[in-house]
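Chain letters run A, B, ... following the sequence lines, proteins first and then strands; every chain starts at 1.
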Amino acid sequence: MKILRSDLMLIWLVATTALCVGLLINQFRDTPLPLVYRDKAERLQDSVQRIVSKESASAPAPIVQLPEKLTLEEFSSYVENKRGLVLDTRPEIFHRLGHVPGALSLPRDDFETGYAALKGKLEADRSQAIVIYCSNASCEDSGLVKKSLDALGFSNVALYEGGWSDWTNAKKPEETAQ
Amino acid sequence: MKFFNNRWFLLVLRLALGGVFLYAGATKVTNPQAFADSIATFKMLPPQLLNIVALGLPPFEILLGLMLISGWKARAASMALAGLSIVFGLALGQALMRGLVVDCGCFGSGEPSTLKTWASFGQAFLLFAGSIWVFRSASNGLKQDAT
């Protein structure tokens with residue numbers, strides 16, 4: 001019984017130490033995790049707020065209006081004819097492994113950094129055609145990023161809902177990161 | 001039965017178990033946000049606790065893994081790991097019963113899937129069994145030391 005009690009005490013001590021270590025490591029991260037959880041949509045909204053607060057977004061009228069959603073054929077023609085930007089909202093590692101030709105990485109899980117990296121291309125014209133995709137029809141990343149871009153004043157953003165799985169199933173060309 | 005009590009088998013089991021938890025902790029400690037997202041899919045904890053668990057659990061697994069590998073206080077470490085395996089099993093079991101499609105997050109984050117949840121459930125059971133066996137052998141070792 002005495003051994004059991006000392007074991008439990010030790011476990012408690014190790015657990016407390018682990019929590020302290022975890023909290024300490026967190027303080028040294030570039031973006032520390034807040035103590036209260038924010039879900040994906042809330043985090044993206046926070047990122048948008050921070051970007052908006054740095055600048056005022058203005059949206060001139062679009063020249064060519066894209067539909068809300070693109071089918072595989074429409075998206076394929078859009079890509080082949082290079083009609084506008086294509087954004088890949090999957091985590092960057094997946095983008096590196098393979099993406100739609102010409103697609104740029106704007107991962108939902110690191111929106112702020114990705115947006116800053118693409119700022120020049122994106123903000124050159126807020127009415128330019130942009131098509132967004134993620135993994136497949138059930139992933140929510142592209143929808144969340146579209147909402148964020150809408151909030152930032154981008155007025156011509158469409159979704160390719162089939163996503164990467166639809167694209168690869170159709171044996172369409174792929175590109176990998178250099 | 002004799003094989004399972006062989007000292008070499010017990011050594012390999014202890015090292016393997018320690019290695020599994022060390023690896024599991026290391027994959028999660030680098031991306032606590034992804035781990036918090038995984039835990040959130042289980043719909044078990046309030047938002048106030050999710051990030052605390054995501055920050056504290058990976059270092060806890062690493063420390064317990066190191067304790068098992070080094071053999072220092074292996075009994076206490078295996079007891080804690082058995083407890084953790086029960087918690088993981090319960091979390092996965094309730095998700096399966098409620099029909100939730102969750103991302104286990106056991107070894108880093110991935111796509112949520114029911115099939116993977118069943119596999120993780122089986123994995124938790126094996127880890128529990130392994131931990132109990134190491135705990136039992138460590139307890140027997142203590143008894144022999146005492147006599």
Counting only non-hydrogen atoms closer than 4.5 Å, does [X] touch chain B with its backbone (N, CA, C, O), its side chain (CB onward), both, or neither?
X	answer
A:P34	both
A:L10	side chain
A:S135	side chain

Evaluate the side-chain proximity of [Y] to [X]: yes if any heavy-atom separation is below 4.5 Å, no if none is.
X	Y	result
A:L4	B:R75	yes
A:D109	B:Q33	no
A:Y37	B:D37	yes
A:V36	B:N51	no
A:V14	B:F60	yes

Transitively linked via ILVMFWY side-chain contacts under 4.5 Å: [X] with [Y]?
X	Y	answer
A:F94	A:V100	no
B:V134	B:L63	yes
B:L15	B:L10	no
B:M79	B:L22	no
B:L81	B:L66	no

Answer yes or no: are there more than 12 heavy-atom neighbours, outside [X] itself, under 6.0 Å from its atom [atom1]?
X	atom1	answer
B:K73	NZ	no
A:K147	NZ	no
B:F107	CZ	yes

Would you compute the distance between atom [atom1] of [X] and atom [atom2] of [Y] and round it to the nearest 0.5 angstrom?
X	Y	atom1	atom2	result
A:D7	B:F135	CG	CZ	6.5 Å
B:L55	A:Q27	CG	CD	9.0 Å
B:L49	A:L35	CG	CG	11.0 Å

So for B:T30, is it side chain, backbone, both, or neither that comes closer than 4.5 Å to the heavy atoms of chain A?
backbone
Heavy-atom pair with the smallest gap, counting every atom of B:G56 and A:A18:
O-CB, 3.8 Å
